[in-house]
Amino acid sequence: SITNLSGGFNQGIANSRTQVQTYKDSWQKIADAATEAKKVCSSQATEIQAVLDKSTKALARADAALQALDSIKEKSGVIDPEVDGAAGKLTDMTNGYLDLLANGTLPSASELTEASQESQNTGDSKPGSLYTQMTRLSNPLLCVRSEAKVPPSSVYARRISGNPEIYLLK
């Protein structure tokens, strides 16, 4: 029935919204750490800025996805199964959701995983998540020590999707 389809559709929208909000929260955590690192560690400014740029793009994408999901959710609330055209409205909303999936508005499963992994505190692991690397660089002692004692030949290379190679110190 239309009511069952509408309920299932609304649950799918709610699940997607939760995933996108988690994605956004993860990138916000990384951006906050990078912002702090940028205040402290000027010698790594280029690398830190690359993380900030990636975070900014991810946050803007998350905001667009959340807005689109909210718009679809609002429309689904006006479906009355007793009114002619309810099936057509549900079809239109389903097509709108499928468009979000197809056009890249919603983060992919791999992007959701990346955000989750890169926002974790990975402790002493090398090179560590982006969050951990930015947190390390926000410590003036670690930034100064890294600058003074780590020769350029012993940096870690870390690929950040959509950006050139980023090099962060051990």
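Only heavy atoms go into these numbers, but all of them, side chains included; no hydrogens, no water, no symmetry mates.
- Within the 4.5 Å cutoff, the side chain of Cys143 has heavy atoms near those of the Ser43 side chain.
- The distance from atom OG of Ser55 to atom CG of Leu130, rounded to the nearest 0.5 Å, is 7.5 Å.
- Across all non-hydrogen atoms, the minimal contact from Ala65 to Val20 is CB-CG1, 3.9 Å.
- Closest heavy-atom contact between Tyr97 and Gly12: OH-O, 4.2 Å.
- Shortest non-hydrogen contact noted between Ile72 and Gly96 is CD1-C, 3.9 Å.
- Taking each heavy atom of Ala31 and Leu59 in turn, the nearest pair found is CB-CD1, 4.2 Å.
- In this structure, the separation between CG on Asp25 and CD1 on Ile30 is 11.5 Å, given to the nearest 0.5 Å.
- Remark: Glu118 does not engage Lys54 in a salt bridge, criterion side-chain N to carboxylate O under 4.0 Å.
- Taking CD1 of Ile48 as the reference point, atom CD of Glu36 lies at 11.0 Å (rounded to 0.5 Å).
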For this session: Under the side chain to side chain contact (heavy atoms under 4.5 Å, CB included) rule, what do Thr132 and Asp124 come out as? Steps first, then yes or no, please.
Result: CA-CA 9 Å; Thr132 298; Asp124 292 333; over 6 Å; no
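- Of all non-hydrogen atoms in Gln120 and Tyr131, the two that sit nearest each other are O-CD2, 3.8 Å.
- With no hydrogens or angles considered, no side-chain donor-acceptor pair links Asp63 and Gln67 at under 3.5 Å.
- Considering Ser116, Ser119, Pro107 in turn, Pro107 is the only one that fulfils the side chain to side chain contact (heavy atoms under 4.5 Å, CB included) rule with Tyr23.
- Of the N and O atoms on the side chains of Gln19 and Asn15, not one donor lies less than 3.5 Å from an acceptor on the other residue.
- Within the 3.5 Å criterion, the main-chain N or O of Gly104 finds a donor-acceptor partner in the side chain of Arg61.
- Considering CZ of Arg17 and NZ of Lys73, their distance stands at 10.5 Å, rounded to 0.5 Å.
- No more than 12 heavy atoms of other residues, nucleotides or ligands shown are found within 6.0 angstrom of NZ on Lys38.
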For this session: With side chain to side chain contact (heavy atoms under 4.5 Å, CB included) as the test, would you mind laying out the steps for Leu69 and Leu100 before giving the verdict?
Result: CA-CA 9 Å; Leu69 289 167; Leu100 290 179; 4.0 Å; yes
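- Under a 3.5 Å cut-off, the side chain of Glu111 and the backbone N or O of Ser108 do form a donor-acceptor pair.
- Using a distance-only test at 3.5 Å, with no hydrogens or angles considered, no donor-acceptor pair links the side chain of Ser16 to the main chain of Ile13.
- Side chain to side chain, Ser110 and Thr113 fail the donor-acceptor criterion of an N or O pair below 3.5 Å.
- Between the side chain of Gln133 and the backbone N or O of Gly128, at least one donor-acceptor pair lies under 3.5 Å.
- Taking OG of Ser26 as the start and CD of Gln21 as the end, the distance is 10.0 Å to the nearest 0.5 Å.
- Going from atom OG1 of Thr35 over to atom CE of Met134 covers 10.5 Å, rounded to the nearest 0.5 Å.
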